[in-house]
**Q** 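Sharing a structure below in structure tokens format, with a few things to ask.
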There are 2 protein chains.
Amino acid sequence: MRVSLKDVAAHAGVSIKTVSNVVNNYQHVTPAMRERVQRSIDALGYRPNLAARHLRKGRTGIIALALPELGNPYFAELAASVIDAASGHDYIVLLDHTGGSREQELLVSQGFRARVIDGLILSPIELETEDLRDRAQEVPLVLLGERDYDLPYDHIAIDNVAAARAAVRHLIGLGRREVAFIGARRGRSEPAQLRVRGWREELTAAGLPADEGLVAATDGWGHADGARAMKHILDSGRRPDAVFAYNDPMAIGAMRVLHERGLRVPEDIAVVGFDDVIEGRFGAVTLTSVSPDKAAIGRLAVESVLARLNDQAPEPRRIWADYQLVERESTLGRPAGAGRGTA
Amino acid sequence: MRVSLKDVAAHAGVSIKTVSNVVNNYQHVTPAMRERVQRSIDALGYRPNLAARHLRKGRTGIIALALPELGNPYFAELAASVIDAASGHDYIVLLDHTGGSREQELLVSQGFRARVIDGLILSPIELETEDLRDRAQEVPLVLLGERDYDLPYDHIAIDNVAAARAAVRHLIGLGRREVAFIGARRGRSEPAQLRVRGWREELTAAGLPADEGLVAATDGWGHADGARAMKHILDSGRRPDAVFAYNDPMAIGAMRVLHERGLRVPEDIAVVGFDDVIEGRFGAVTLTSVSPDKAAIGRLAVESVLARLNDQAPEPRRIWADYQLVERESTLGRPAGAGRGTA
DNA sequence: TTCGAGTTTTACAACGTTATACATCCCGTT
DNA sequence: AACGGGATGTATAACGTTGTAAAACTCGAA
């Protein structure tokens, strides 16, 4: 069996607690004693049993990250950034995916999928405010993403309305007048509402009609959904001169359809995506996109969870991460601005 | 504080162990007793403390999955499939990424990054046989991916040589004679060696020269690396009529360069990738690719780890997963429909 | 020498669970 | 009626760690 503190203590001829003190770098240990115990530790190859430590301290050193789907590279990159951030605090990350379904999100938020965690970072899609309200407050929860909840949890996101407005402003600046929005979600909940709102506000501000006939609802968030939505718009006889998609995969799916129909990007239709995933930089037409600071989001999420875990956190707050509009071939034209903010 | 077995026992007026028996579905519990205890469990909202269970049983219910990088959608999709497979066995997945560096892979393989796990699924890139040989045998290890080790661990992969040969055979069948390979890795280790070997064998079998001048080494595995490699080949004055890339992102990066140089895919140069990631289906030219059965790989990996954990596993073995060559526009016999976008 | 105030080490009791060994109960058989 | 044996429930001791409180040192000053 494995070496325990008891074995080390016996080997060094001291009490168990003294060994524990050495292991944990307790202040009051004489250098001589530390040396002696350390020698036994090395000799026996002792390594702490984390299960016992967890039981005793009530901490596991694990935080869970629940994302809608890993297939979307934005979430994959976000996961990577969370893992790195956590690693810097000696935390490891348990990953789960919900498929963006309310049921799974509920299970995750109530801790039924993972019960060994110190904290949870959740990026909800369909979850409603009331779903989270009766959450048994077991471990700290930090929310990520576009949904807008009025709840006592930290929430990290970029300013989706402002970012969407920047994207639409950019398109208008190119002289486009009919800007379609791809990716409003069907059903009662409206996860895309902030981006749709930004689209609407900016058009209105520019004195253009926010034509709801140019808003295409979809069932999912992938390439295929974007393609279907684009087809739907074109088949309905509309011919917008610009498309703003909920995210990059949908934008790329839409561009594929435009290509199949012989429509040129950006000459006939300009396209802007959201998330700035790597694949947008290598298509035949590179994609202009809103680029959230993923590294910052991951870092802030981890820091928030850990702060709350250590009771160092003030009241729950909304934290804004930076973003940037990155222009590429799909909207060749003149420069646009960046945005940012703080809570 | 949280509800423990003790609380439930007091509430139900029985001993702690009886409650434990109910929780663990122990055989000999009368329905009446089970009912009564269950009522208390529900009333108090009891949920087992995994740290304690872990300490007692020596199991955590967690397996770790260590992948080179999540940014590559192949690995992201693989992670999703492992998470789903594990979930079916009441296991959860701790995710780590190594960046494909030997140092990180070593840390992971020796359990220094995560020590609360029952088993480890590792997809190594640079790790050498000897690095794994002196691994302290703490938890079961299952290997994934292209590397070929002669070690007592289960190894799950598709037959890379055969798959690569199928890809090259397909290109030769189109009448292509100069097939470049993109993505051999620099340095002493040769992670891409099996696919290069398949490339070489198939060309030779067809009576064509395996021209090493058409093999492009890269530093990484991403879009940008593929683009660089393609540029390198073209700049060296070579003009192959086909390209076989180590993976899809590299193939897509290469196609972008071909597009920039005014070379048509597939008319001038046919392209085949590897992994069949979703993004290959939505470019201006969709990508022919070797499609490994990711769901099977995830499932087999989880099953292998758990079998070994339960001592139900025979001697370590190599397990082959299925694959398929999916043909798309990048290797179409005749020119694709809508002309290429312009400008 | 004795005392006191710090400093260093120790003994012991948790943390919440499951395994072991034992006690009890309920039967059908003698 | 008493017995034996399987089915069911219980008390207790681990698992390996850390927090608490108390004991045992050290050292300078009375």
Side-chain angles (χ1 to χ4, degrees), chain A residues 1-41 44-62 90 111 115-118 138-139 309-310, chain B residues 1-41 44-62 90 111 115-118 138-139 309-310:
Chain A
M1 214 17 215
R2 267 178 60 159
V3 187
S4 77
L5 281 183
K6 191 156 84 175
D7 303 317
V8 177
H11 184 273
V14 296
S15 84
I16 291 180
K17 188 63 211 307
T18 300
V19 181
S20 171
N21 286 339
V22 171
V23 171
N24 292 286
N25 272 316
Y26 180 65
Q27 273 194 336
H28 304 297
V29 180
T30 50
M33 178 60 92
R34 189 179 297 276
E35 165 76 18
R36 172 171 151 212
V37 171
Q38 188 61 50
R39 216 182 289 275
S40 294
I41 288 176
L44 299 179
Y46 166 78
R47 280 175 44 197
N49 176 321
L50 295 196
R53 183 175 288 174
H54 296 164
L55 173 57
R56 182 62 236 228
K57 308 230 292 191
R59 292 279 179 83
T60 65
I62 301 177
D90 281 323
R115 299 179 296 194
V116 262
I117 60 175
D118 291 345
E138 304 218 352
V139 301
L309 200 52
N310 298 325
Chain B
M1 217 14 218
R2 267 178 60 156
V3 187
S4 78
L5 281 184
K6 191 156 83 176
D7 304 318
V8 177
H11 185 272
V14 296
S15 85
I16 291 180
K17 189 63 211 305
T18 300
V19 181
S20 170
N21 286 340
V22 172
V23 171
N24 292 285
N25 270 316
Y26 182 64
Q27 274 194 336
H28 305 297
V29 180
T30 49
M33 178 59 93
R34 190 180 297 277
E35 165 76 19
R36 171 170 151 213
V37 171
Q38 188 61 50
R39 215 182 291 277
S40 296
I41 288 178
L44 299 180
Y46 166 77
R47 283 174 39 201
N49 176 320
L50 293 204
R53 180 176 288 175
H54 177 200
L55 173 58
R56 184 63 236 218
K57 306 225 298 189
R59 291 282 179 84
T60 64
I62 301 178
D90 282 323
R115 298 180 297 191
V116 266
I117 60 176
D118 291 347
E138 304 217 353
V139 302
L309 200 51
N310 298 323

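Chain identifiers are assigned alphabetically (A, B, ...) following the order of the sequence lines, protein sequences preceding nucleic acid strands; residue numbering begins at 1 within each chain.
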**Q** Please list, chain by chain and in numerical order, all residues satisfying side chain to side chain donor-acceptor pair (under 3.5 Å) with A:Arg34, sequence neighbours excluded.
**A** A:Asn25
**Q** Reckon B:Ser15 has a side-chain N or O less than 4.0 Å from the OP1 or OP2 of D:dG9?
**A** no
**Q** Go through it in stages, so that I can follow the logic: the residues are B:Asn21 and B:Met33, the test is side-chain contact (heavy atoms from CB on, under 4.5 Å), and I'd like the CA-CA distance, side-chain angles, deciding distance and then a yes or no.
**A** CA-CA 10 Å; B:Asn21 286 340; B:Met33 178 59 93; over 6 Å; no
**Q** Here's a test of your reading of the structure: between A:Leu55 and B:Gly13, which maps to the more 5' nucleotide of DNA chain D?
**A** B:Gly13
**Q** Once side chain to side chain donor-acceptor pair (under 3.5 Å) is applied, do any residues pair with A:Thr30, and if so which ones, sequence neighbours excluded?
**A** none
**Q** In the structure I gave you, are the side-chain heavy atoms of B:Ile62 and A:Ile62 within less than 4.5 Å of one another anywhere?
**A** yes
**Q** Listing time: all N or O pairs from protein to nucleotides 22-26 of chain D that are below 3.5 Å?
**A**
none

**Q** Just jot down the side chain to side chain donor-acceptor pair (under 3.5 Å) partners of B:Arg39, sequence neighbours excluded, or say none.
**A** B:Glu35
**Q** Both distances under 3.5 Å, Watson-Crick or G-U wobble: on that basis, could you give the dot-bracket string for DNA chain C, with [ ] for crossing pairs and | for other-strand partners?
**A** ||||||||||||||||||||||||||||||
**Q** Can you identify which nucleotide, out of D:dT8, C:dT9, C:dG16, has its nearest atom closest to the B:Thr30 side chain?
**A** D:dT8
**Q** Could you state the interatomic distance from NE2 (A:His54) to CG (A:Asn49), rounded to the nearest 0.5 Å?
**A** 9.0 Å
**Q** C:dT17 P sits how many Å from A:His54 NE2, rounded?
**A** 16 Å
**Q** Which residues satisfy the side chain to side chain donor-acceptor pair (under 3.5 Å) test with A:Asp118, sequence neighbours excluded?
**A** A:Thr60, A:Tyr91
**Q** Using atom names, set out every protein N or O paired with an N or O of nucleotides 17-21 of chain D below 3.5 Å, distance rounded to 0.1 Å.
**A**
| residue | atom | partner | partner atom | Å |
| --- | --- | --- | --- | --- |
| D:dT17 | OP1 | A:Tyr46 | OH | 2.4 |
| D:dT17 | OP1 | A:Asn49 | N | 3.1 |
| D:dT17 | OP2 | A:Leu5 | N | 2.6 |
| D:dT18 | OP1 | A:Asn24 | OD1 | 3.1 |
| D:dT18 | OP1 | A:Asn24 | ND2 | 3.2 |
| D:dT18 | OP1 | A:Arg53 | NE | 3.1 |
| D:dT18 | OP1 | A:Arg53 | NH2 | 3.4 |
| D:dT18 | OP2 | A:Ser20 | OG | 2.7 |
| D:dT18 | OP2 | A:Asn24 | ND2 | 3.1 |
| D:dT18 | O2 | A:Arg56 | NH1 | 2.5 |
| D:dG19 | O4' | A:Arg56 | NH2 | 3.4 |
| D:dG19 | N7 | A:Lys17 | NZ | 3.3 |

**Q** Please report the distance, rounded to the nearest Å, between NE2 in B:His28 and P in C:dA19.
**A** 14 Å
**Q** Tell me every residue that passes side chain to side chain contact (heavy atoms under 4.5 Å, CB included) with A:Ile16, counting only those two or more places apart in sequence or in another chain.
**A** A:Leu5, A:Lys6, A:Ala9
**Q** Just wondering, do B:His11 and B:Val3 contact through their side chains at under 4.5 Å, heavy atoms?
**A** no
**Q** Drop me the distance from A:Tyr46's OH to A:Ser40's OG, to the nearest 0.5 angstrom.
**A** 13.0 Å
**Q** Between B:Arg36 (side chain only) and B:Val14 (backbone N and O only), is there a donor and an acceptor less than 3.5 Å apart?
**A** no
